[in-house]
Amino acid sequence: MALPDFTLSAGPVTVTPRTQAALGRPILYHYDPEFQAGFRRTEQKVAEVFRTGNDIILMQGEAIVALEGALRSLITPGMHVLNLVQGVFGKGTGYWIAGFGAVLHEIEVGYDDAVDPARVEEYLDAHPEIRMVCLVASETPSGTVTDVAAIGPMCRDRGILTYIDTVSGVLGMEWETDAWGLDICVAGGQKCLGGPAGVALVSVSARAWEAIYANPAAPRDSYLSLIDWKEKWLGEGRFPYTPSVSDMYGLESALDQALEEGIDAVIARHEAAADVTRAGARAMGLEFWAVREEIMSACVTSIRLPDSIDNAVVRDHARDVYGVMLSHGQGAGNLVRLSHMGPTAGGLHSLIGLAALGRTLADLGVPVDIGDGMDAALAVLSARRV
Ligand SMILES: *Cc1c(COP(=O)(O)O)cnc(C)c1O
């Protein structure tokens, strides 16, 4: 099968030619001083993007390795944990929390909605036994965000640990690890950062380390261990296992490009791309998945589909007929996602996604106004450029 002309998926995303070139650099031995220096530099750059002075651990593997490892490190049997659920990743976190032996509390809303921070505050007031709050900053499969800026400080001020899945949050929304008092944050390279999928970026606060060291169940001598990384690599300069050398090159290159552009500028570019996409979708007559625009993420615009049309069929048609790879709902609901992440956040990328989706829906018998959509998207793009 031919490759798509455009990958506008919700991650892994298309990377820039510069990142692609970095991924192809010669493989070095992981104890080569050049590679080790690059690894340390990359940690510093991740800390800058996270806006934190906390330890950065670069676990090798998809973000899931760090999400699971960090949660296992923090959870002690019988611990009371409040999990916020507004999408598939939040739901999955809850299965882990219960499976690892904690007492699971949940505030759950529809996957097209967002948890209200006021409800979290009420719940914490009523349940002083809660020791940790878990949340997903940006629910990529449904394109909604959680108000981390409100919930983070609320937890910090009560001495409650926070565990944050921000795999598609960092660089796709305002992010303040330290100012918001966030204990564990996990991001991935393959979303808004526009890098490879093989490295998980984790920040760990001093308070989180205290909890981890006090936990006899925290993984040690394990692929999932944060303690191994702290003691062996941060402490003694020995890797607990062999890093993915190429992925580290790609990650550092993607971070360099983000820092050269400026963190705020990258976030603003994602927001601008979301504005263009939303204007186009609205004018085309499409319906947003989210119940309110204020909770829509800047990295992916989710469109609600009529029940008569399956989201995977839409995705496949756009790729087969128009050469554009979109993302389906991935279990979140009957929706299709126009992604604008990393290098695809900006310029005409949104129009390509809108055109492919619009014509796909028309082909499948849904009335859409593609021309109006293009005009509206271009008008927003033009207004931002002059
Ligand atoms: C991408 C992503 C992950 C990583 O998991 P995958 O199964 O590889 O997609 C975790 N959480 C969120 C919110 C993500 O967007």
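Counting starts at 1 for both ligands and their atoms, following the listed order. Because the structure is predicted, anything quoted here is derived from the model rather than measured. One-based numbering along the sequence shown.
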**Message:** Once you measure the plane-to-plane angle for Tyr213 and Trp209, does it fall in the parallel (<30°), tilted (30-60°) or perpendicular (>60°) bin?
**Reply:** tilted
**Prompt:** Under 4.0 Å between a Lys/Arg side-chain N and an Asp/Glu carboxylate O for Glu271 and Arg384?
**Reply:** no
**Pairwise side chain to side chain donor-acceptor pair (under 3.5 Å) hits with a residue in residues 372-381, at least two apart** = none
Dump the pairs for me: ligand 1 N or O, protein N or O, distance under 3.5 Å, to 0.1 Å.
from: ligand 1; atom 1: 5 (O); to: Glu62; atom 2: OE1; distance (Å): 3.4
from: ligand 1; atom 1: 8 (O); to: Glu62; atom 2: OE1; distance (Å): 3.1
from: ligand 1; atom 1: 8 (O); to: Glu62; atom 2: OE2; distance (Å): 2.9
from: ligand 1; atom 1: 11 (N); to: Asp165; atom 2: OD1; distance (Å): 3.3
from: ligand 1; atom 1: 11 (N); to: Asp165; atom 2: OD2; distance (Å): 2.7
from: ligand 1; atom 1: 15 (O); to: Thr140; atom 2: OG1; distance (Å): 2.3
from: ligand 1; atom 1: 15 (O); to: Lys191; atom 2: NZ; distance (Å): 2.7

**Request:** Could you state whether Val120 and Val103 fall into the same hydrophobic cluster, counting links through intermediate Ile, Leu, Val, Met, Phe, Trp or Tyr residues with side-chain heavy atoms under 4.5 angstrom apart?
**Result:** no
**Prompt:** Is a salt bridge present between Asp183 and Arg156, judged by a nitrogen-to-oxygen distance below 4.0 Å?
**Reply:** no
**Item:** Derivation and outcome, salt bridge (Lys or Arg N to Asp or Glu O under 4.0 Å), residues Arg51 and Asp264
**Value:** CA-CA 11 Å; Arg51 294 187 156 137; Asp264 292 332; 3.3 Å; yes
